[in-house]
Amino acid sequence: MGGIEEIPDDSGTCPACGKIAETKCTGCKQVYYCNRNCQKKDWKTHKPACKMLPYKIGSTPELGNHLVANRAIKAGEVILHEVPLVHGPSQMTIPVCLACYTPVDGSYLCQKSGWPLCGPSCAKVVAKSPEVVVPAQCEAKFEIEEYYQPCYLYECIIVLRALLLQKSAPAKYKAFMSLESHTEERRGTPAWNKIKETVIDVMKKTLGIMVFEAVCPEIDFSDETIQKIQGVLETNKKEIRLSSSDCEAVYAIACLMEHSCVPNVKITFAKDFSITVRAGRDIAEGEHISTMYTHALWGTIARRDHLHITKNFWCTCERCADPTEFGSNFSTIYDDGHPMLPLDPLDSESDWLCEKTGMKRTAQQIKLQLSQIGQEIEEVTVKGTVDDAEAFLEKYKKLLHPNHYHLTTCKHNLLQMYGRTEGCLIQDMDEEQLKRKEELCREHMAVLELIDPSKIRLMIFAAAANFELHLPLLQVAKRQWEGGKISTEEFREALKEPYGHVKKAADLLVNEDNENLPEGQLRLQAMDTLTQLEGFMKTVGCQL
């Protein structure tokens, strides 16, 4: 039977006694009860409905609270939908609007606090937000001098919003503070000391918390509480990638999903930052519901180190345990043309060995080299030229497996450069360049299929590859038809393949209806292209 817990700013009628109740059954999160006795009285009636929910909350000493499939869940089924307890700009960001998180240039400033915003409509949205109210109480205004560099003030916003939930939404605050924070593990570490300097001191001395503390003595503004809030954020926040910036949010239930590098759910975010969790594949009753806390296009050594640094645990999932990452060789490097892999992929300090040549290298040597190569990729990406990307691939083809994550990242960028960069537009590309773009798209799709066959975490990468593939296929077919090399009937048949890839891209993104996100923007582009293709295909007599 589900337990009792308080749910954010919510209440309903207790079915056992008819009184207004503010706690919900932890099994289904749908029915309110006054207390445990009322829940017990109603359990026989409530049990069938409770058991119908897709998930339940489990708990173990190793995982803490987590979500488990309450029954068999079909691929695509909605598991849960909820609004955030708190959301805010990324703690490391250039100046952005505090309402919509779009980058700003300072042309419009909040009249109360001086924060740069998009305009009057966004000013109304944040008029009662803590970062506006607190400085206004202190008659303080901010001045930001550089709008194209990260600004330290934004590191405090989401922390301040969570802190002031004590006054604006006590139940949300209680739910937030009940989440894992790893306070004791963080205490006294460099990260702990950094937060004291960059968050606590800035909140108290610059944002005016010390003055506000005297006005609202009932609110806990202690350093310990702020450190715990930061810990909850670091452990539980979901990063939402917008089209031109990032934001962060914490959810009461969705944050209970555990990590796996082979997740079984897809996540979408609406414009109000509410989260919808859908089954990415069929999920069996009793199976843990998992998402991914790190980047799916990173190799094992990078993913595990990132999780240990940011989330305080070492991943031991089946992908991390497999040196070849499901036969993809996503982390494989070469020694004299032969594969070199870690002796124990679940040991961050494991040596790497090439069985063919006998060459052995330490984990630190591998990490240093991969870090240097990663920095080089970033430089190539900033330059944004086809020639630089091709030169990078040529430079490392003897050191890294063709599917290695650094080369895969470069190829993902390159397949989008072909046809879209100056001097290499699709209509100007020669036959060899068109073939190269097609080759890159097909290679990319094959690697993604090995790592994520259900397109759960790599959905947008697969959609992008499918969308990009239609361009060279369409261009080649049109040139052959216009040059008289294929008949009209053959041209009609040839059009079906590029159309199919655009439709595949749109289908992969079917639930991405938020055009503020890259996924939503790509879906709109794919849908628009489908419409144009359908119109063109009709003009040449092609039957869909």
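- The closest side-chain donor-acceptor pair between S331 and E325 falls under 3.5 angstrom.
- Between the side chains of T385 and D388, at least one donor N or O lies within less than 3.5 Å of an accepting N or O.
- Side-chain atoms of T93 never come within 3.5 Å of backbone atoms of S90 as a donor-acceptor pair (strictly under, hydrogens ignored).
- Checked by atom type and distance alone, the side chain of R457 pairs as donor or acceptor with a backbone atom of T294 at under 3.5 Å.
- E287 CD: more than 12 foreign heavy atoms inside a 6.0 Å radius.
- The pair E285-R71 does not count as a salt bridge, with every side-chain nitrogen at least 4.0 angstrom from each carboxylate oxygen.
- Between R420 and Q416, the side chains place no donor N or O within less than 3.5 Å of an acceptor N or O (distance only, hydrogens not considered).
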**OP:** Start with the C-alpha distance between V159 and Q91, add both sets of side-chain angles, then the distance that settles side-chain contact (heavy atoms from CB on, under 4.5 Å), and finish with yes or no.
**Re:** CA-CA 9 Å; V159 179; Q91 289 189 277; 3.6 Å; yes
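- Under 3.5 Å, the side chains of Y152 and E197 contain no donor-acceptor pair of N or O atoms.
- Applying the ring-ring contact (aromatic ring centres under 6.0 Å, His included) rule to H81 yields no partners; only residues at least two apart in sequence or on another chain are considered.
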Original post:
Could you walk me through whether Y396 and F392 pass the ring-ring contact (aromatic ring centres under 6.0 Å, His included) check?
Top reply: CA-CA 6 Å; Y396 289 108; F392 176 88; 5.0 Å; yes
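- Of the N and O atoms on the side chains of D335 and T357, at least one donor lies less than 3.5 Å from an acceptor on the other residue.
- Remark: H306 engages W298 in a ring-ring contact (aromatic ring centres under 6.0 Å, His included) (not counting sequence neighbours).
- Using a cut-off of 4.0 Å between Lys/Arg side-chain N and Asp/Glu carboxylate O, D305 and K367 are scored as salt-bridged.
- With hydrogens and angles disregarded, a donor-acceptor distance shorter than 3.5 Å links the side chain of H259 to the backbone of Y293.
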